[in-house]
Peer 1: 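Submitted below is the structure of interest, expressed as structure tokens.
Computed from a prediction, not measured in an experiment: that's the story for all the values here.
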Amino acid sequence: RMEASCLELALEGERLCKAGDFKAGAAFFEAAVQVGTEDLKTLSAIYSQLGNAYFYLKEYSKALEYHKHDLTLARTIGDRIGEAKASGNLGNTLKILGQFDEAVVCCQRHLDISQEQGDKVGEARALYNIGNVYHAKGKHLSWNMAQDPGYLSQEVKETLQKASEYYERNLSLVKELGDRAAQGRAYGNLGNTQYLLGNFSEAIAFHKERLAIAKEFGDKAAERRAYSNLGNAHIFLGRFDISAEYYKKTLQLSRQLKDQAVEAQACYSLGNTYTLLQDYERAIEYHLKHLVIAQELGDRVGEGRACWSLGNAYVSLGSHEQALHFARKHLEISQEIGDRNGELTAQVNMAQLKSALGLGPGDEDVGTAHHYSGYEAQGARPKRLQRNSMDSLDLLKFPSEKVSKDVWPQRLNIRASKAVQRQKKKTTSARNSRVFLTQTFSQKANKSHALSQSKAKSIPQERSYDECFFDLLSKFQSNRMDDQRCPLEECPSEAAEAEQCAGQAGAGRQVGAQSSLMASPQTEEFFDLIASSQSRRLDDQRANVGNLPGLRITHNNLGHLRVEGDAQEPGDEFFNMLMKCQSSRIDDQRCAPPDSIPRGPTMPDEDFFSLIQRVQAKRMDEQRVDLASA
């Protein structure tokens, strides 16, 4: 009855996960693990499903834990197909965690076993997963490397080219298998990779193929992504009007899918596209829509970008007061979210706008509030700030008319004399300190001259003071390490034994006394303790079958575990894989640099301003004139 209960719980968890309720499904799988089973195949399937459920719930540490259990159990019972699938699941989880090298090793293991077993479907999935890992690594490197817009380092190019190669192999195989859905995914990823490499015409061709297959299956989400990618690619080819049409279709589908974040991204892209087309009224319309959704979703990053874009659009229209308002909002949000680049940009924009309006650096944008009554009707809802420029006026104490005019110069003279006296005291104390240090250094220098008279004559006086300073510093610092040492105390009998051994060795073998000291029973016990402590560290990293959760070991499966476990002795390939996985463990302890540009849910993966930078990056080179050789 217990076995049936475990299986029933697992089947219910699988049903819930297929229905999209991964949280409830994970709860049923956890309950199945608590009940336990002696069927190793069933337990392996539960581990796999539970790891996938946690993966979709974005609890990647738990997903990694259960996929490791699945891999350990599959290797123990000799299930090669199960081992391949577990390796692939581990690779996908490690990719999300940013451990790309380890992910490649696991996915390659998936590919090797699938090819060994003749599993074409598994081979296609492994090729696709490896391409995804290299694609994610290329994007990660391009985002975090300091580089000029439109330029890719050699490492990024090689990584993306590897991704493209694996995607092409995957596409060839799924065409052979006749899997149209997998072909659509391959076309989409090939388009994204070519886009990152700067091959925009090829990217457009791949995305059109992806669009056709998405329409064939009625996959609205994939269709929406294809339209967005096509719009981005046409931006780089200078076809802004075509990009606007694709972005409009993206906006329409996002509303059908009721995805507000994607709707805001489409509005943001449309606003910037119309800015490029110099249709600033329509650009403002779409940026205001983006601002509304960003405020509703609490996306401060997207709200700041919307204010920045609105400020630029109003500047192009010559409406400097409105532009100053949104530049001020951009500055406040950038300071709040820690966007240093946005903060500097907003400060520069505000300074230029105040100069154009004839305002001083400390002046407020007077008369701005009444311009924005219409924005609240449109949903932008800018927060009106109270003018606090006059609130601190009472802090300045002006003289009353009863006070004589001569009193103020007298007070100023008194304050000036007190300031001069304080300055003299500081100067005298500083001079006394220098004299004391000079005398100390001179005494130290005289002692050092007495020790080495031959070298003292050749050393200048100024240089000897510096050397004495460092000598003095080293003298005070030299005993700090000794204070932290723990001396080994010996009992009198052990000291006598050490002296006796040293006497037998003779006066000319002082090293023997030191070695006998190190070989004392107390010291040997200390090293034995270290050895015993360190010897268990490898055991802690070994996978013990008895520690697998949910496994009920009986006489039936115990013998099966032993036989199969002995048959699967790890070979050189396994240890090579282990070395590769362990080689980058030190990187896990490093602190990753912060993102240069904060990202929000209403912002596209690649910010539109970075798109424009990459488009404009090479225009200066085209305007240069080569100097004629002499």
Peer 1: Please find the pair of heavy atoms, one from Ser228 and one from Thr250, that lie closest to each other, and give the distance.
Peer 2: N-OG1, 3.2 Å

Peer 1: If the condition is ring pair (Phe, Tyr, Trp, His ring centres under 6.0 Å), which residues does Phe217 pass it with, not counting sequence neighbours?
Peer 2: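 Counting only residues at least two positions away or on another chain, Phe217 forms no ring pair (Phe, Tyr, Trp, His ring centres under 6.0 Å).
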
Peer 1: Before accepting this row, confirm whether a basic side-chain N of the pair Glu14/Lys18 lies closer than 4.0 Å to the acidic partner's carboxylate O.
Peer 2: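 So Glu14 pairs with Lys18 through a salt bridge.
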
Peer 1: State which residues pass side chain to side chain contact (heavy atoms under 4.5 Å, CB included) with Ala31; sequence neighbours excluded, sorted by chain then number.
Peer 2: Leu9

Peer 1: Would you tell me whether Tyr247 and Asn232 have side-chain atoms, one donor and one acceptor, within less than 3.5 Å of each other?
Peer 2: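 Short answer, yes.
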
Peer 1: So, Asp299 side chain and Thr602 main chain: donor-acceptor pair closer than 3.5 Å or not?
Peer 2: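 Side chain of Asp299 to backbone of Thr602: a pair is present.
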
Peer 1: Start with the C-alpha distance between Leu141 and Ser153, add both sets of side-chain angles, then the distance that settles side-chain contact (heavy atoms from CB on, under 4.5 Å), and finish with yes or no.
Peer 2: CA-CA 9 Å; Leu141 292 174; Ser153 65; over 6 Å; no

Peer 1: Please list, one pair per line, the donor and acceptor atoms closer than 3.5 Å that link side chains of residues 202-216 to other protein atoms, with sequence neighbours excluded.
Peer 2:
{"from": "Arg210", "atom 1": "NE", "to": "Gly184", "atom 2": "O", "distance (Å)": "3.0"}
{"from": "Lys215", "atom 1": "NZ", "to": "Tyr227", "atom 2": "OH", "distance (Å)": "3.4"}
{"from": "Glu216", "atom 1": "OE1", "to": "Arg180", "atom 2": "NH2", "distance (Å)": "2.8"}

Peer 1: For Asp112 and Gln108, run side-chain hydrogen bond (donor to acceptor under 3.5 Å, both in side chains): C-alpha distance rounded to whole Å, both residues' side-chain angles, the deciding distance at 0.1 Å, then the answer.
Peer 2: CA-CA 6 Å; Asp112 294 340; Gln108 185 65 45; 3.0 Å; yes

Peer 1: Supply the atom-to-atom distance Gln256 CD to Lys220 NZ, rounded to the nearest 0.5 angstrom.
Peer 2: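 NZ of Lys220 is found 5.5 Å from CD of Gln256.
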
Peer 1: Taking Lys85's backbone N and O only, do any of them form a donor-acceptor pair with Asn89's side chain (distance below 3.5 Å, no angle check)?
Peer 2: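 A pair under 3.5 Å: yes.
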
Peer 1: Tyr47 side chain to Pro549 main-chain N or O, any donor-acceptor pair under 3.5 Å?
Peer 2: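 Flag set: sc Tyr47 to bb Pro549 pair under 3.5 Å.
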
Peer 1: Considering residues at least two apart in sequence or located in another chain, which fulfil the side-chain hydrogen bond (donor to acceptor under 3.5 Å, both in side chains) criterion with Gln161?
Peer 2: none

Peer 1: Please name the pair of heavy atoms, one in Leu190 and one in Glu168, separated by the smallest distance, quoted to 0.1 Å.
Peer 2: CD2-CG, 3.8 Å

Peer 1: Return the set of residues passing ring pair (Phe, Tyr, Trp, His ring centres under 6.0 Å) with His67 (not counting sequence neighbours), or none when no residue passes.
Peer 2: none

Peer 1: Cut-off 3.5 Å, side chains only: do Asn52 and Tyr66 have a donor facing an acceptor?
Peer 2: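 Distance-only check fails for Asn52 and Tyr66.
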
Peer 1: Working to the nearest 0.5 Å, report the span between OG of Ser5 and CD of Gln34.
Peer 2: 12.0 Å

Peer 1: Return yes when atom NZ of Lys248 has more than 12 non-hydrogen atoms of other residues, nucleotides or ligands closer than 6.0 Å, and no otherwise.
Peer 2: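 Enclosed: over 12 neighbouring heavy atoms sit under 6.0 Å from NZ of Lys248.
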
Peer 1: Which residue pairs pass the ring-ring contact (aromatic ring centres under 6.0 Å, His included) test with at least one member in residues 21-43, sequence neighbours excluded?
Peer 2: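 For residues 21-43: Phe22-Tyr56.
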
Peer 1: Do the rings of Phe200 and Phe236 sit parallel, tilted or perpendicular, given the 30° and 60° boundaries?
Peer 2: parallel

Peer 1: Do Cys106 and Leu71 pass the side-chain contact (heavy atoms from CB on, under 4.5 Å) test, and can you show the C-alpha distance, the side-chain angles, and the key distance before you say yes or no?
Peer 2: CA-CA 11 Å; Cys106 293; Leu71 179 61; over 6 Å; no

Peer 1: Under the side-chain hydrogen bond (donor to acceptor under 3.5 Å, both in side chains) rule, collect the residues that match up with Asn92, sequence neighbours excluded.
Peer 2: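 Applying side-chain hydrogen bond (donor to acceptor under 3.5 Å, both in side chains) to Asn92 gives none.
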
Peer 1: Which atom pair, heavy atoms only, marks the closest approach of Cys6 to Ala32?
Peer 2: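 Heavy atoms of Cys6 and Ala32 come nearest at SG-O, 3.4 Å.
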
Peer 1: Looking at Ser142 and Lys139, would you say the former's side chain and the latter's main chain have a donor-acceptor pair under 3.5 Å?
Peer 2: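 At least one qualifying donor-acceptor pair exists.
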
Peer 1: Could you work out, with side-chain hydrogen bond (donor to acceptor under 3.5 Å, both in side chains) as the rule, every residue matching Asn199, not counting sequence neighbours?
Peer 2: Gln194

Peer 1: Consider only side-chain N and O atoms of Tyr54 and Glu30, and report whether a donor and an acceptor are under 3.5 Å apart.
Peer 2: yes

Peer 1: What are the two closest heavy atoms between Leu50 and Ala26, and how far apart are they?
Peer 2: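 Taking every non-hydrogen atom into account, CD1-O, 3.7 Å.
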
Peer 1: Walk me through it: do Arg15 and Leu11 pass the test side-chain contact (heavy atoms from CB on, under 4.5 Å)?
Peer 2: CA-CA 6 Å; Arg15 186 190 66 80; Leu11 290 174; over 6 Å; no

Peer 1: At their closest point, which heavy atom of Leu73 faces which heavy atom of Ser44, and how far apart are they?
Peer 2: CD2-N, 3.7 Å

Peer 1: Could you list the residues that satisfy side chain to side chain contact (heavy atoms under 4.5 Å, CB included) with Ala103, not counting sequence neighbours?
Peer 2: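 By the side chain to side chain contact (heavy atoms under 4.5 Å, CB included) rule, Ala103 matches Leu94, Lys95, Val133.
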
Peer 1: Could you tell me whether Glu223 and Lys249 have a side-chain N and a carboxylate O separated by less than 4.0 Å?
Peer 2: no

Peer 1: CG/Asp119 to CD1/Ile81 distance, rounded to the nearest 0.5 angstrom?
Peer 2: 5.0 Å

Peer 1: Yes or no on side-chain contact (heavy atoms from CB on, under 4.5 Å) for Tyr167 and Leu171, after CA distance, side-chain angles and deciding distance?
Peer 2: CA-CA 6 Å; Tyr167 284 142; Leu171 179 61; over 6 Å; no

Peer 1: Apply salt bridge (Lys or Arg N to Asp or Glu O under 4.0 Å) to residues Lys62 and Glu65 and explain how you reach the verdict.
Peer 2: CA-CA 5 Å; Lys62 290 186 177 180; Glu65 175 186 355; over 6 Å; no

Peer 1: With sequence neighbours left out, write down each residue that passes side chain to side chain contact (heavy atoms under 4.5 Å, CB included) with Val262, or none if nothing qualifies.
Peer 2: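 Side chain to side chain contact (heavy atoms under 4.5 Å, CB included) list for Val262, sorted by chain: Arg224, Ser254, Asp259.
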
Peer 1: What pairs with Lys137 under side-chain hydrogen bond (donor to acceptor under 3.5 Å, both in side chains), at least two apart in sequence or on another chain?
Peer 2: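 Testing Lys137 for side-chain hydrogen bond (donor to acceptor under 3.5 Å, both in side chains), a comparison that skips the adjacent residues, returns Asp101.
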
Peer 1: Going from CD on Glu116 to CG on Leu111, what distance comes out if it is rounded to the nearest 0.5 angstrom?
Peer 2: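 Result: 11.5 Å between the selected atoms.
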
Peer 1: Check Lys120 against Leu173 and note the closest heavy-atom contact, atom names and distance.
Peer 2: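 Looking at all heavy atoms of both residues, the closest pair is O-CD2, 3.6 Å.
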
Peer 1: When you measure from the side chain of Thr159 to the backbone of Gly138, do you find a donor-acceptor pair of N or O atoms at a distance under 3.5 Å?
Peer 2: no

Peer 1: May I have the list of side-chain donor-acceptor pairs in residues 122-130 shorter than 3.5 Å, sequence neighbours left out?
Peer 2:
{"from": "Glu123", "atom 1": "OE2", "to": "Gln115", "atom 2": "NE2", "distance (Å)": "3.3"}
{"from": "Tyr128", "atom 1": "OH", "to": "Asn189", "atom 2": "ND2", "distance (Å)": "3.0"}
{"from": "Asn129", "atom 1": "ND2", "to": "Arg125", "atom 2": "O", "distance (Å)": "3.2"}

